[in-house]
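Structure first, then comments.
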Amino acid sequence: MVERLISAQSSAVLAMSATELKTAIQASEGRVMLSEDVVTAQPLAETITNAEVASAFGADLILLNLFDVDRPFILGLNDGEDSLANVQPDPEAVHKLKHLIGRPVGLNLEPVAPNADMLSDQLEVSQGRQATAASFKKAAALGFDFVCLTGNPGSGVDNEAIIKALKVAKTNFPGLIIAGKMHGGGVNEPIIDQAVLSALIENGADIILVPAVGTVPGFTDAELLQVVRQAHAAGALVMSTIGTSQESASTSVIEQLAIRNKICGVDIQHLGDAGYSGVAPVENFIAMSKAIRGQRHTLNRMARSVNR
């Protein structure tokens, strides 16, 4: 047995195995919040990382976007590295960040499909950001606790490629594996359907990623509820994601999305990186946190020292 993630000390969280972390998330009963942060953007607070800001405002999990395992760095982490022009690769970057924030840290790896049926131009994704066996092994060596198999806009990630990458990840990465799409990403296909959901579950995804209800056209409460029920019955968790720039909407919108998706039973709620500096506005962390777990747990997560 492990303590629920929303109540656990940093020392306990950082010592958790993948299985223990998954149980700690499940035990938190829909009150876990994840922040996605761009590592290449000028940090919101200038001389510290976006991950530190998100953690200070209540995020329980940190997901790094645009992190390249072949050139590992997090802008704002090391003194003097305040722009891309003077940043240097740092193989200890993830360990340093986890020491500073006391939170589990993951990264996006993109399963690019070269022949995806695109609705928009396909953008180039470096090898160190793609979901390959080599990248999974490097992610593990760098100290990541989880990987997220999904696609940024225009990257050409489709569901078939995500499912294939999931099979590779299971044999090359020991941490938790999140898989699914937040939005179309420029690909002409359903974001999720019954066949895709079943394949993700059957191939071992620990956490099924879906859009938050209210973020993409036509994805309804009923559909999310069905995803949650099927995933939970199979032992998987579900993360709803705000990846459509609505993470920078008003706090009232964030509160509505948070409650609506909690009613559907998701285990983790995600705030995307489309703020001014690669992280959601800080007031929206507080709004989501208070909506899904109240002021007591919100203050607890914000004030709890990472030295505990």
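All values derive from a computational prediction rather than experimental measurement.
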For [X] versus [Y], what's the shortest heavy-atom pair and its separation?
{"X": "Leu64", "Y": "Ile74", "result": "CD1-CD1, 3.8 Å"}
{"X": "Asp193", "Y": "Val196", "result": "OD1-N, 2.9 Å"}
{"X": "Gly102", "Y": "Ser10", "result": "O-OG, 3.2 Å"}
{"X": "Cys264", "Y": "Leu225", "result": "O-CD1, 3.5 Å"}
{"X": "Phe173", "Y": "Leu176", "result": "CE2-O, 3.6 Å"}
{"X": "Asp90", "Y": "Asn78", "result": "OD2-ND2, 3.1 Å"}

Spacing of [X] atom [atom1] and [Y] atom [atom2] [to the nearest 0.5 Å]:
{"X": "Leu271", "Y": "Phe285", "atom1": "CG", "atom2": "CZ", "result": "5.5 Å"}
{"X": "His270", "Y": "Thr150", "atom1": "NE2", "atom2": "OG1", "result": "8.0 Å"}
{"X": "Leu107", "Y": "Cys148", "atom1": "CG", "atom2": "SG", "result": "9.0 Å"}
{"X": "Ser35", "Y": "Asn65", "atom1": "OG", "atom2": "CG", "result": "10.5 Å"}
{"X": "Gln246", "Y": "Thr215", "atom1": "CD", "atom2": "OG1", "result": "6.0 Å"}
{"X": "Ile254", "Y": "Ile292", "atom1": "CD1", "atom2": "CD1", "result": "11.5 Å"}

Checking side-chain polar atoms at under 3.5 Å, does [X] have a donor or acceptor matched by the opposite partner on [Y]?
{"X": "Gln194", "Y": "Ser198", "value": "yes"}
{"X": "Thr23", "Y": "Glu20", "value": "no"}
{"X": "Asn203", "Y": "Lys164", "value": "no"}
{"X": "Thr132", "Y": "Ser135", "value": "yes"}

Residue pair Ile62, Asn50: steps toward the side-chain contact (heavy atoms from CB on, under 4.5 Å) verdict: CA-CA 10 Å; Ile62 297 296; Asn50 283 334; over 6 Å; no
Salt bridge present between Arg103 and Asp60 (N-O < 4.0 angstrom): no
Salt bridge flag under 4.0 Å for residues Arg4 and Glu29: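 Looking at Glu29 together with Arg4, the answer is no, because their closest N to O distance does not fall below 4.0 Å.
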Under the side chain to side chain contact (heavy atoms under 4.5 Å, CB included) test, residues paired with Ala8 that sit two or more places apart: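 Partners of Ala8 under the side chain to side chain contact (heavy atoms under 4.5 Å, CB included) test: Glu3, Val13, Met16.
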Are there over 12 heavy-atom neighbours, none belonging to [X], within less than 6.0 Å of that residue's [atom1]?
{"X": "Arg71", "atom1": "CZ", "answer": "yes"}
{"X": "Asp79", "atom1": "CG", "answer": "no"}
{"X": "Lys290", "atom1": "NZ", "answer": "no"}

Do the side chains of [Y] and [X] get nearer than 4.5 Å, heavy atoms only?
{"X": "Lys98", "Y": "Pro104", "result": "no"}
{"X": "Val69", "Y": "Arg129", "result": "no"}
{"X": "Met33", "Y": "Arg301", "result": "no"}
{"X": "Val306", "Y": "Leu100", "result": "no"}
{"X": "Ile242", "Y": "Met182", "result": "no"}
{"X": "Pro89", "Y": "Pro72", "result": "yes"}
{"X": "Ile207", "Y": "Val238", "result": "no"}
{"X": "Ile162", "Y": "Val157", "result": "yes"}

Membership question, hydrophobic clusters at under 4.5 Å side-chain separation (ILVMFWY): are [Y] and [X] in the same one?
{"X": "Val39", "Y": "Leu75", "result": "no"}
{"X": "Ile48", "Y": "Leu44", "result": "yes"}
{"X": "Val253", "Y": "Val279", "result": "yes"}
{"X": "Val94", "Y": "Phe146", "result": "no"}
{"X": "Leu149", "Y": "Ile268", "result": "no"}

Check: [Y] main-chain N/O paired with [X] side-chain donor or acceptor under 3.5 Å:
{"X": "Lys181", "Y": "Pro211", "answer": "no"}
{"X": "Asn159", "Y": "Ile191", "answer": "yes"}
{"X": "Gln269", "Y": "Asn261", "answer": "no"}
{"X": "Glu81", "Y": "Gly76", "answer": "no"}
{"X": "Glu247", "Y": "Ala274", "answer": "yes"}
{"X": "Glu110", "Y": "Asn152", "answer": "yes"}
{"X": "Ser28", "Y": "Arg31", "answer": "no"}
{"X": "Arg304", "Y": "Gln9", "answer": "no"}
{"X": "Gln226", "Y": "Glu223", "answer": "no"}
{"X": "Asn300", "Y": "Arg296", "answer": "no"}

Stepwise side-chain contact (heavy atoms from CB on, under 4.5 Å) test for Thr49 and Leu97: CA-CA 9 Å; Thr49 64; Leu97 182 65; 3.6 Å; yes
Aromatic centroids of Phe144 and Phe67 separated by under 6.0 Å: yes
Audit row: Thr40, Phe73, side-chain contact (heavy atoms from CB on, under 4.5 Å) steps and yes/no: CA-CA 8 Å; Thr40 58; Phe73 69 85; 3.9 Å; yes
Passing option when Ile208 is tested against Ile178, Leu197, Val228 for side chain to side chain contact (heavy atoms under 4.5 Å, CB included): Leu197
Partner set under salt bridge (charged side-chain N to carboxylate O under 4.0 Å, His left out) for Asp206, not counting sequence neighbours: Lys22
Ser252/Ser250 under side chain to side chain donor-acceptor pair (under 3.5 Å): CA gap, chis, key distance, verdict: CA-CA 5 Å; Ser252 63; Ser250 65; 3.0 Å; yes
Side chain to side chain donor-acceptor pair (under 3.5 Å) assessment of Gln127 paired with Asp68: CA-CA 8 Å; Gln127 278 298 120; Asp68 190 317; over 6 Å; no
side-chain contact (heavy atoms from CB on, under 4.5 Å) between Leu61 and Val32, worked out: CA-CA 8 Å; Leu61 302 166; Val32 171; 3.9 Å; yes
